[in-house]
Enquirer: 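Below are the structure tokens for one structure; questions will follow.
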Amino acid sequence: MSVSTAFYRLSARIGQVQGINELGFVICNDTLQLVNYRQAALMRITGVKQARLFAHSGLSDTDPNTPYALWLAEVSAEIAPRCRELKQGARLLPLSPEMLSEPLRAAWQEWLPEHVWIFPLTGPQGELLSILLIGRDEPWPGTLTPDSAEFALLQLCGLYGYAWWALAARPSRLTRLWQRSGGKRLLWAVLLLLVIFCIPVREYTLVPAEIVSLESEVIAAPEQGVINRIVALPNSAVKKGDVLAQMDATTLQSRLAVALAELATADTTLHQTTQKAIEDQLAKSDLAMAEGRWREKQVEVASLRRELDKLTIRAPRDGVFVYSDPDEWAGRPVQTGERIGLLADPTKPGVRAWAPVSESTNLNSGAPMTVFLKVAPLSPLTATLDYAGYQTVEAPNGVASYILRGTLTGDQAEARIGLQGTARISGDWKALGYLLLRRPIATVRAWSGW
């Protein structure tokens, strides 16, 4: 078989190799088609100065713990630095006993023939992956010509190295991606991101809020009827006794007019009966009945006047009358006890907020709050959470929320009842990464159940 034919056949055989073990068998045994040799050993380089027997000519399976294999491993580890120093394209090292240390040199005659060539098998980047030792009794040629079998063997070992790299040492896709993207820069970026994620920040929740009074009194309808008009303007300051609203009194005024007429009639009847009782003793019996009817009408008139006075709703104390648009109340029928508005004390402002169920971070009493009013976003107000409701209610924005109450602390000059804004409720100190990933983690856990 000609050299070129053997070379091409071995090249095609390498292209059909399916695994690293098959490759080792082909390298140590099929290379005999190109050059003659007595023995061939393939040593796998596992470290800077570490090697182990991977394949051997004439053997389908090797034991790296035999004395021969251990001696070859020591020889390969000792000459590995020299193999790395060889230039690309001329990776061939004739090995002689003089190149080894004394303990290894003594065992040469026992394990190897006289003439040995070393072929370092390298990857595309020149890294040493394995070492091929080929020994024979006849001398190797001193020079290599392009048509010689030894020159073809040198070129073939380049294919062996690339095949070894592709099957055993080729980086994974992740490793190659790491190398292309600049592994060190990416590593530093990841470390920087981890450091940023570990920065402690205070947990907080932003919720809608408004300024309310901590001491307020409900103004309700005293009787069933119709609201005639609201006298006090919304959010206006009132004094004790000021008229807040008036209910329609047409029915009571009619009843009072009838009662007054009946009282006048009873008064006249009582006067006539009294005159008759002076002249006629029999008329004294009618005097008691006339007086009783007169007193009954007096009580009725007094009761109607009290009910009529109730229809004028007055402020029980000083404060601010808080309610909606007065035009919405004009002519509106109400039931007894139905709420019309709220009489609030403006000197004791507080905060009312609504914490959505998904944002209830810190609802413990005493939690610090910061209120940013829409009319003064650059002048935040400080407050302390007093309590949080246990049952959810529908917030003004239509979201199921817990209602919160807080007391303002510090400067309260900007705190006017009815102003709205956003409250920030501060919680415990947590890592920034936890706060950023809290919602995604909660969503994943709700979706996956773990």
Side-chain angles (χ1 to χ4, degrees), residues 212-348 416-418:
V212 296
S213 176
L214 297 178
E215 292 188 6
S216 57
E217 183 177 346
V218 175
I219 304 299
E223 299 287 344
Q224 180 179 354
V226 177
I227 298 295
N228 188 20
R229 69 188 184 96
I230 302 292
V231 178
L233 296 176
N235 297 335
S236 61
V238 295
K239 300 291 184 180
K240 182 179 180 179
D242 289 353
V243 177
L244 301 179
Q246 289 182 341
M247 298 183 66
D248 184 35
T250 303
T251 303
L252 283 180
Q253 287 175 350
S254 299
R255 291 174 58 189
L256 180 59
V258 172
L260 287 173
E262 292 177 349
L263 178 60
T265 301
D267 184 66
T268 302
T269 302
L270 177 61
H271 181 70
Q272 291 175 354
T273 304
T274 303
Q275 294 295 329
K276 288 181 181 180
I278 296 174
E279 300 174 356
D280 186 1
Q281 295 295 326
L282 297 176
K284 290 183 178 181
S285 61
D286 296 332
L287 180 61
M289 295 181 60
E291 185 178 1
R293 184 171 179 77
W294 176 76
R295 292 183 182 278
E296 179 185 353
K297 293 304 178 182
Q298 275 190 328
V299 172
E300 183 179 354
V301 169
S303 176
L304 288 174
R305 283 176 175 171
R306 286 194 301 271
E307 291 185 11
L308 189 61
D309 186 64
K310 288 182 181 179
L311 297 183
T312 300
I313 304 174
R314 300 179 182 275
R317 56 183 176 83
D318 297 347
V320 174
F321 188 40
V322 182
Y323 70 101
S324 58
D325 187 2
D327 294 337
E328 295 181 359
W329 286 99
R332 178 176 174 178
V334 293
Q335 300 293 327
T336 303
E338 183 176 347
R339 175 174 172 171
I340 298 175
L342 196 68
L343 187 62
D345 186 353
T347 62
K348 297 181 179 180
R416 186 175 68 85
I417 295 176

Enquirer: Nearest 0.5 angstrom please: L263 CG to R295 CZ, how far?
Expert: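 L263 atom CG to R295 atom CZ measures 12.0 Å (nearest 0.5 Å).
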Enquirer: Grab the two heavy atoms, one from P316 and one from L343, that are nearest each other, plus how far apart they are.
Expert: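 Closest approach of P316 to L343: CD-CD2, 3.5 Å.
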Enquirer: Give the minimum heavy-atom separation between A344 and I417, together with the two atoms involved.
Expert: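 So the two residues come closest at CB-CD1, 3.8 Å.
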Enquirer: With a 3.5 Å cut-off and sequence neighbours excluded, list the donor-acceptor pairs that the side chains of residues 214-233 form with protein atoms.
Expert:
from : atom 1 : to   : atom 2 : distance (Å)
E215 : OE1    : K348 : NZ     : 3.4
E215 : OE2    : K348 : NZ     : 2.7

Enquirer: Any side-chain to backbone donor/acceptor pair from D318 onto K240? Under 3.5 Å, distance only.
Expert: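 Present.
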Enquirer: Hey, what do you get for CG (D242) to CD1 (I313), rounding to the nearest 0.5 Å?
Expert: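 Here the rounded value is 14.0 Å.
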Enquirer: List in chain and number order the residues that pass side-chain contact (heavy atoms from CB on, under 4.5 Å) with E338, two or more places apart in sequence or in another chain; answer none if no residue qualifies.
Expert: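 So E338 forms a side-chain contact (heavy atoms from CB on, under 4.5 Å) with R332, V334, Q335.
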Enquirer: Considering residues at least two apart in sequence or located in another chain, which fulfil the side-chain contact (heavy atoms from CB on, under 4.5 Å) criterion with T312?
Expert: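 With neighbours one apart ignored, the set is V243, Q246, R314.
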Enquirer: At their closest point, which heavy atom of Y323 faces which heavy atom of P234, and how far apart are they?
Expert: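 Heavy atoms of Y323 and P234 come nearest at OH-CD, 3.3 Å.
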Enquirer: Let me see the working for F321 and N235 under side-chain contact (heavy atoms from CB on, under 4.5 Å), right down to the final yes or no.
Expert: CA-CA 5 Å; F321 188 40; N235 297 335; over 6 Å; no
Enquirer: Go through D345 and R317 one step at a time and tell me if the side-chain contact (heavy atoms from CB on, under 4.5 Å) criterion holds.
Expert: CA-CA 9 Å; D345 186 353; R317 56 183 176 83; 4.1 Å; yes
